Every structure is written in C-alpha cells, then in structure tokens.
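Everything on this sheet refers to the single structure shown next.
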Amino acid sequence: MKESKLLYMVILISLLLIAQNLMIYKTTNEMDGNAQLVNYGDLVKGETQHLVLLELERKPSDKLILDLNEYMAVLTNNKYELYVAYMNDQEFKTSSRELIEIWAKLKNDISNFRRGTISGQQLLETSEKHFLIADKMIDDAKNYTEMKLVRTKNLLTFGIAVTVITLFIVSFFIYILKRGERKQLDILQEKNKLLEKANREASEANKAKSKFLSNMSHDIRTPLNGIIGMSTIARSNLNNEQKILDCLRIIDSSSKHLLSLVNDILDLSKIESGQLALNNSDFFLPEMMDNFISIIHQLVKAKNHHLNVAVKNVTHEYLIGDVLRLNQLLINLVSNSVKFTDYGGLIGISLEELPKRKQGFAHLQIKVSDNGIGMSEEFLSRLYESFSRENDNFVDKTEGTGLGMAITKNVVDMMQGEIRVESKKGVGTTFTIDLDIKIQETVSNDTFVNELLGKSILFVDDDINVCENALYELYILGMSPDWATNGLDAIEKIKRAKLKGESYDVFVIDWKMPMMNGLKLAEKIRKDFRITSPIIISSAYDWNEIEAEATAAGVSGFVSKPLFRSTLSKTLSSTLRGNPLKRESISRFKKEYSFTGLKLLLVEDNLINMEIAHELLSSIGFEITHAHDGIEAVEKFKKSEEYYFDLILMDIQMPKMSGYEASKIIRSLEDRLDSKKIPIVAMTANAFDEDIRTAKEIGMNGHIAKPYQFEKVKATLQHVLYQQQNK
C-alpha cells in the first residue's frame with residue numbers, strides 16, 4: 001500500500017515537473033522565434049539607414065538592396081528560417097504587409113533618386129516610414145515575449161507551490177528521495193534565475209542598442225541637415241557673395257562635426273571589438289605638449305578663457321608611447337572644459353612626474369580642471385557611457401558626439417592607467433589621469449648648462465603654482481632665482497636690488513597678468529630702470545600675437561609654457577649667449593615651411609579627390625604631376641630625372657596596383673639614388689593605427705586621412721619634408 005502511494009506520488013510529481021519543463025521549452029521556443037524577429041528587424045533598420053546614407057552620398061549599393069530583399073523575406077514570411085507562428089495574429093500580418101509595401105516604395109524612390117526625379121529629403125522621408133514600421137514589429141515581438149514570460153512565470157510559480165505541498169504531505173513516505181528532489185528543485189530554480197537574468201540582459205542590451213542608434217541617427221542627421229540645407233540656400237543665392245560665404249562657413253563647420261562623429265564611432269567600434277592597438281614610438285614630451293597647446297589655443301581663445309599650464313618635477317622628457325592617443329586624451333578633456341565653461345572662464349592643465357611605480361617607466365599625472373558648470377553626482381555614475389550627456393539647458397545647446405569620455409576611459413584602460421574625476425554643479429570639474437610611460441633609456445635627460453651656474457633671475461607669474469615649480473627647476477639648473485606674483489611686486493624687488501648695487505642677470509615674465517601685463521612690466525624695466533639684462537616673455541599663448549609689441553617693449557625672447565626643464569635650460573642659455581630662441585625652436589620642425597616650386601607626384605584614382613587635392617596643394621605652391629593608379633605612378637617616377645620629384649602623395653586603395661605595392665616597387669629601384677630617399681606620404685580613408693603602422697613598415701614617411709583637413713595636410717607635409725631635409 002505504501003509503495004503504491006509512493007509510486008502515485010512519484011508519478012504525480014514527475015508529471016508536474018515534466019509539465020513545467022514543457023512550459024519552459026515552449027516559452028523558450030517562442031522567445032527564440034521572437035528574438036530572431038527582433039534581430040532581423042534591427043538588421044533591416046540598420047542596413048536600410050546605411051543604404052540611404054550611401055545613396056545620399058552618391059555611392060549606390062545594389063548588393064545592399066539584394067541583401068535587404070533577403071532580410072525582408074525572412075522577416076515577413078515564416079516559410080524561411082524564421083519561425084514566428086506565435087506572432088501570426090492580424091496585427092503582425094498587417095505590419096508585414098505594410099513593411100513589404102513601403103520597402104517596394106523605398107526601392108522605387110531609390111531608383112527615382114538615382115535618376116534625379118526626386119530629392120534626397122523625399123528619400124529620407126520614405127526610409128523613415130520603413131524604419132518606423134520595422135520598429136513597430138520589433139516592439140510587438142518584445143511585448144509578446146514579455147507577456148508570455150509573465151504568464152509562464154505565474155504558471156511555474158503555481159506548479160512549484162503544488163509540488164512543494166505534495167512533497168510536504170508525503171514526506172514521511174519519501175525520506176530517502178527527499179535530498180534528490182530538493183536538489184532537482186534547486187536546479188530548476190537556478191534555471192529560472194538564469195533565464196530571468198538572460199532575458200534581463202538581452203532586454204538591457206536591446207534598449208542600449210536602440211538608444212545608441214537613435215542618438216547616432218540624430219547626431220548624424222544634425223550636421224547633414226546643415227550641409228544639405230546650406231547647399232540649397234547657397235544655390236538659391238548665387239548673386240549674394242556674403243550669403244554664399246556664410247553658407248560655406250556653416251557647411252565647413254557641419255562637415256568637421258560629422259567627421260568628428262564618424263571618427264569617434266569608428267574609434268569606439270575598434271575599442272569594443274578589441275581591434276584598436278597602441279602605436280608606441282619615441283617622442284619628446286615638451287614637443288608633444290607644445291603641439292598640443294598649439295591645437296587647443298584657438299579653442300580657448302574663441303571663448304576668451306584664461307589658460308594656466310604648469311609642469312612639476314618632470315625629469316624624464318624622452319619617452320616611448322602612443323603620442324596620437326595621448327593627444328586624443330588631452331584634447332578630449334580640454335575640449336570638454338572649454339565647451340562646458342562659460343565665456344571668460346579658467347582652464348588649468350598640469351603635468352607632474354611622481355615617484356616611479358614600475359621600473360623603466362615614468363609615472364606621469366595629468367590634471368585638467370575648469371570652473372565651468374560641473375556635473376551632478378547622478379551623471380558622474382554614467383559619465384563614461386556612450387552618447388552620455390547630462391540633462392541641462394547649457395549642455396543641450398552644446399555640440400558634441402557624447403562619445404569622447406567613453407573613448408577617453410577606454411584608451412586610458414588600454415594604457416593600463418587610471419582616470420578619476422571630481423566635479424560639483426556650478427563650481428567646476430577636475431580630471432586626473434595617472435599613466436606609466438616607458439622611458440627612452442638610450443637618451444640622456446641631462447639639462448645641465450655651465451652658462452646658467454650662479455646667474456640671478458627674477459621670475460614673475462601670477463600663478464603661485466607656476467612660480468613654485470619654476471623656482472625648483474631653476475635651482476636644479478644651478479641658478480639663483482627670485483620671484484614675484486605681479487608687476488608691482490617685481491618693480492619693488494628690482495628697486496631693492498638696485499639700492500644694494502645689485503641687478504638680475506635675466507628676467508622671465510608671464511605675458512597675461514592682472515594690473516600690469518608682462519609687456520608693460522618689460523617696458524618699465526627698460527625705460528624706468530635702464531636695465532639691459534635679457535627679458536624673456538613666458539606664455540601658453542601664440543607669440544605671433546605680441547611679437548611686434550614685445551620687440552618694441554624691449555623683450556629679448558620668448559619661452560613657451562609649460563616650462564619644462566629642458567625648455568628653460570635651452571632658452572635661458574641661448575638668450576644669455578645673445579641668441580634668443582623663438583617658440584618654434586622647441587619643436588623638431590618649423591611651424592611654417594615653403595612649398596613654393598616643390599614638385600609633387602599626386603597618385604589618386606578618384607577624379608573628385610584628385611581635383612580637391614590638386615586645388616589645395618597647388619594653392620600653397622606645389623607643382624603637381626598626376627598619376628591615376630599605382631602602375632602609372634611607378635612608370636612616371638621611373639621616367640623622371642633623379643631627384644626631379646620632391647614628394648609623392650600616394651593613395652592606398654586603387655585599381656591595377658595599390659599604393660602599398662607601388663611604394664614597395666619605388667623603394668626597391670636599385671638603379672636610382674632617390675628611390676630610398678624621396679618622401680612618400682600615404683593618403684587613405686582608413687585612419688586607424690594599423691593603417692598608419694602598415695604605411696610606416698613598407699617605407700612610407702607619413703599618413704594623411706581622408707576627407708582632407710587642409711591644416712592637418714600642411715602640417716604633415718611640413719613635418720615629412722623637414723625630417724627629410726635634416727637627415
């Protein structure tokens with residue numbers, strides 16, 4: 001009797017468990033079908049948007065249309081691999097029919113757009129309808145999945161409750177089986193938890209992806225609207241020169257913003273896929289910082305901010321690292337400070353070398369601070385998320401991709417560094433980055449110069465931190481330094497020294513100070529005290545702005561902030577010898593380089609790109625010879641006289657022969673003395689680190705990314721030609 005009851009109970013419990021597993025299996029199948037529908041829906045949305053963007057750029061892709069035909073067939077017809085029987089209600093059928101109809105219309109509109117019978121705006125409107133219908137199908141599938149999951153959870157809860165009650169009643173019959181059944185129940189509950197977790201993670205991932213696509217769509221459309229709209233306005237005002245210039249200015253600004261967005265998205269994509277690699281090379285820290293200050297100078301000047309730049313105890317200036325990524329980190333942080341600080345604010349940049357944490361590596365701490373709008377505690381928790389922006393009227397009016405901080409955080413992580421932020425609403429923000437950067441062991445960092453020993457110097461700067469750091473460096477150089485934080489104090493110190501019959505051997509004076517700026521102080525030193533000692537102006541700003549006025553005031557030279565030990569040593573020793581340095585001497589190449597009369601071989605297969613490059617380069621003095629593919633480039637180089645060409649600008653992706661292959665052949669020509677020496681610069685739409693590295697490995701001297709940014713093109717060519725000239 002007991003065995004019979006036990007058997008019945010075992011059968012009953014088994015049936016309950018089987019029913020539960022069947023429900024789980026059925027629900028899993030339903031969610032799998034709907035998940036496929038969501039995936040194909042997302043694929044249709046994304047590829048349709050890609051297709052329309054290509055069409056608007058006049059880059060038609062019939063292959064993409066064929067792919068979308070297949071995706072649409074899978075999405076709307078369950079005879080294919082997608083099994084959506086659970087969604088075959090009238091609403092789904094209606095949505096499927098509408099999606100097919102609007103897809104047919106979109107293909108027709110694409111054909112008409114290619115023929116020029118409809119506008120790009122009409123094409124965008126049709127694609128938006130197609131996007132919305134696909135989105136509705138996805139939402140229907142998600143809602144259905146969530147509804148089924150709730151029902152299944154309720155049924156499972158009821159089944160579990162019945163099982164537990166039944167087990168309690170017959171517990172004295174099944175003592176031996178008790179542990180096994182409890183274990184099975186625990187496993188089932190764990191499966192339920194895993195299922196809930198998987199569903200929750202999938203839902204969060206879908207929401208994040210939808211938000212990302214929505215933000216990206218908005219951010220791409222914004223500059224596109226500016227470009228398309230201003231082009232239309234310009235065509236309507238061909239006789240109004242000022243109106244056309246205004247339109248071109250907005251088109252230029254929108255184009256740069258769109259390029260920035262695309263670069264950020266590509267960077268983030270590379271980071272997330274694990275394909276972004278650091279491109280480490282030797283670099284000189286003062287030169288890197290000088291170039292960086294030159295880049296941000298116009299940003300700071302445009303909003304009339306006051307820029308403070310300081311270095312402290314930097315003893316290792318020759319390092320090995322990825323300069324491009326270091327600049328990217330600094331530019332991202334300073335750009336944010338400039339954007340989110342109202343006019344006339346304070347921007348601070350400091351660089352300090354701390355005690356080593358790793359042998360052979362310099363521990364650098366970089367701080368970027370501002371007195372801007374600050375951030376809330378809530379926003380700080382999601383600061384490094386993609387497209388993350390705080391809900392604030394000031395922020396909403398500020399242009400940006402929302403990807404800069406996500407990229408910054410990922411690059412810092414790749415460099416095995418740390419990034420911290422302190423911020424308070426209405427007070428300001430400070431970012432701190434700690435990095436360990438490899439030291440160039442073969443290069444000496446010694447800056448000792450005999451001419452400086454025992455020389456007296458008066459250092460004047462309104463920033464007390466800059467004064468303290470400079471005094472330390474001047475002591476290290478063997479000088480006898482004195483200091484003042486404003487012009488009036490400096491004048492008092494000069495008077496006291498004169499009463500003692502003493503004088504300073506050299507003066508270093510900050511340009512921008514309150515009450516009395518550096519030029520006014522220099523003028524007083526010359527006229528009121530008739531002092532002939534060298535006077536050097538220090539500033540993070542552009543020397544060209546004040547050069548004429550400074551010379552008239554009796555200034556002997558200029559030193560660029562931040563004040564590195566080597567910069568101070570080089571500038572002071574040269575000035576005391578009667579050879580004052582200008583700002584550009586800090587860098588390894590001059591800021592300006594004449595291209596007039598230089599002969600350039602321009603290799604480009606795309607006629608539009610050829611025309612653009614020709615116009616830009618001929619406008620700055622180049623004499624240009626054209627080649628339309630790699631084979632033609634090699635032939636024209638072979639037929640030219642030795643050293644006829646000064647430079648080759650080589651496109652990479654070309655028919656017949658790529659730029660890489662052409663460069664290899666040119667470098668391998670043994671019968672020409674110039675084959676190994678002529679500078680070859682790559683130009684390509686692929687602007688990733690591995691492309692730059694590949695160009696370098698095959699013997700190319702530089703890399704220019706498309707679309708062309710004229711100032712960057714000039715700077716790259718200046719650098720390459722100067723390096724070649726000084727080999």
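Keep in mind that what you see is a predicted model, and the values were worked out from it rather than measured. Heavy-atom basis, side chains included; hydrogens, waters and symmetry copies ignored.
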Side chains of [X] and [Y]: does their closest heavy-atom pair fall under 4.5 Å?
X: N308; Y: V466; result: no
X: L285; Y: V314; result: yes
X: K512; Y: H306; result: yes
X: E473; Y: L471; result: no
X: L717; Y: L649; result: yes
X: R325; Y: M415; result: yes
X: L326; Y: L435; result: yes
X: I320; Y: I439; result: no

_Using the rule given for side-chain contact (heavy atoms from CB on, under 4.5 Å), can you reason through I366 versus E352, listing the C-alpha separation, both sets of side-chain angles and the distance that settles it, and then say yes or no?_
CA-CA 7 Å; I366 303 165; E352 181 178 2; over 6 Å; no
*Take F507 and S533, measure what side-chain contact (heavy atoms from CB on, under 4.5 Å) needs, and give me the verdict at the end.*
CA-CA 7 Å; F507 299 85; S533 300; 4.0 Å; yes
*Over 12 non-hydrogen atoms of neighbours within 6.0 angstrom of CD in Q416*: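 Not more than 12 within 6.0 Å, no.
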*asked:* Around atom CH2 of W511, are there more than 12 heavy atoms from other residues, nucleotides or ligands closer than 6.0 Å?
replied: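 Yes, enclosed.
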Donor-acceptor pair, side chain of [X] and main chain of [Y], under 3.5 angstrom:
X: T567; Y: L563; result: no
X: S556; Y: I535; result: yes
X: D434; Y: G417; result: no
X: S456; Y: D505; result: yes
X: S569; Y: R565; result: no
X: H305; Y: G345; result: yes
X: D462; Y: M513; result: no
X: S573; Y: K570; result: yes
X: R420; Y: T432; result: no
X: Q440; Y: F283; result: yes

*Check the pair Y472 / N313 against side chain to side chain donor-acceptor pair (under 3.5 Å), numbers first and verdict last.*
CA-CA 8 Å; Y472 173 78; N313 196 37; 3.3 Å; yes
Please check if any side-chain donor atom of [X] sits under 3.5 Å from a side-chain acceptor atom of [Y], or the reverse.
X: T430; Y: S369; value: no
X: E353; Y: H363; value: no
X: N410; Y: D413; value: no

_Heavy-atom closest contact (I680 atom, S663 atom, distance)_ =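 So the minimum-distance heavy-atom pair works out to CG2-OG, 3.7 Å.
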*Minimum heavy-atom distance C467-A484, with the two atoms named*: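 Heavy atoms only, the tightest pair is SG-O, 4.0 Å.
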*Excluding sequence neighbours, so at least two apart, what forms ring-ring contact (aromatic ring centres under 6.0 Å, His included) with F459?*
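Expected list: none.
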Carboxylate-amine/guanidinium proximity below 4.0 Å for [X] and [Y]:
X: E697; Y: R667; answer: no
X: D461; Y: K561; answer: yes
X: D436; Y: K356; answer: no

*List in chain and number order the residues that pass side-chain contact (heavy atoms from CB on, under 4.5 Å) with S350, two or more places apart in sequence or in another chain; answer none if no residue qualifies.*
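S350 satisfies side-chain contact (heavy atoms from CB on, under 4.5 Å) with K367 only.
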*For K493, all residues meeting side-chain contact (heavy atoms from CB on, under 4.5 Å), sequence neighbours excluded*: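 K493: side-chain contact (heavy atoms from CB on, under 4.5 Å) contacts with L458, D482, R496, Y504.
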*Nearest 0.5 Å, what's the CG-OG distance between L307 and S337?*
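Answer for the CG-OG pair, L307 versus S337, is 10.5 Å.
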_Working note: F431 + M405, criterion side-chain contact (heavy atoms from CB on, under 4.5 Å); need CA distance, chi angles, decisive distance, verdict._
CA-CA 11 Å; F431 281 96; M405 292 313 304; 3.5 Å; yes
*How far apart are the C-alpha atoms of N486 and L521, what are their side-chain angles, what is the distance that settles it, and do they pass the side-chain contact (heavy atoms from CB on, under 4.5 Å) test?*
CA-CA 9 Å; N486 59 67; L521 177 57; over 6 Å; no
*Passing candidate, side chain to side chain contact (heavy atoms under 4.5 Å, CB included) with V506, options T571, L452, L572*: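 The side chain to side chain contact (heavy atoms under 4.5 Å, CB included) with V506 is passed solely by L572 among T571, L452, L572.
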*Given the rule in the salt bridge (Lys or Arg N to Asp or Glu O under 4.0 Å) test, do K303 and D342 qualify, once you have shown the distances and angles that lead to the verdict?*
CA-CA 8 Å; K303 293 190 71 175; D342 213 343; 5.3 Å; no
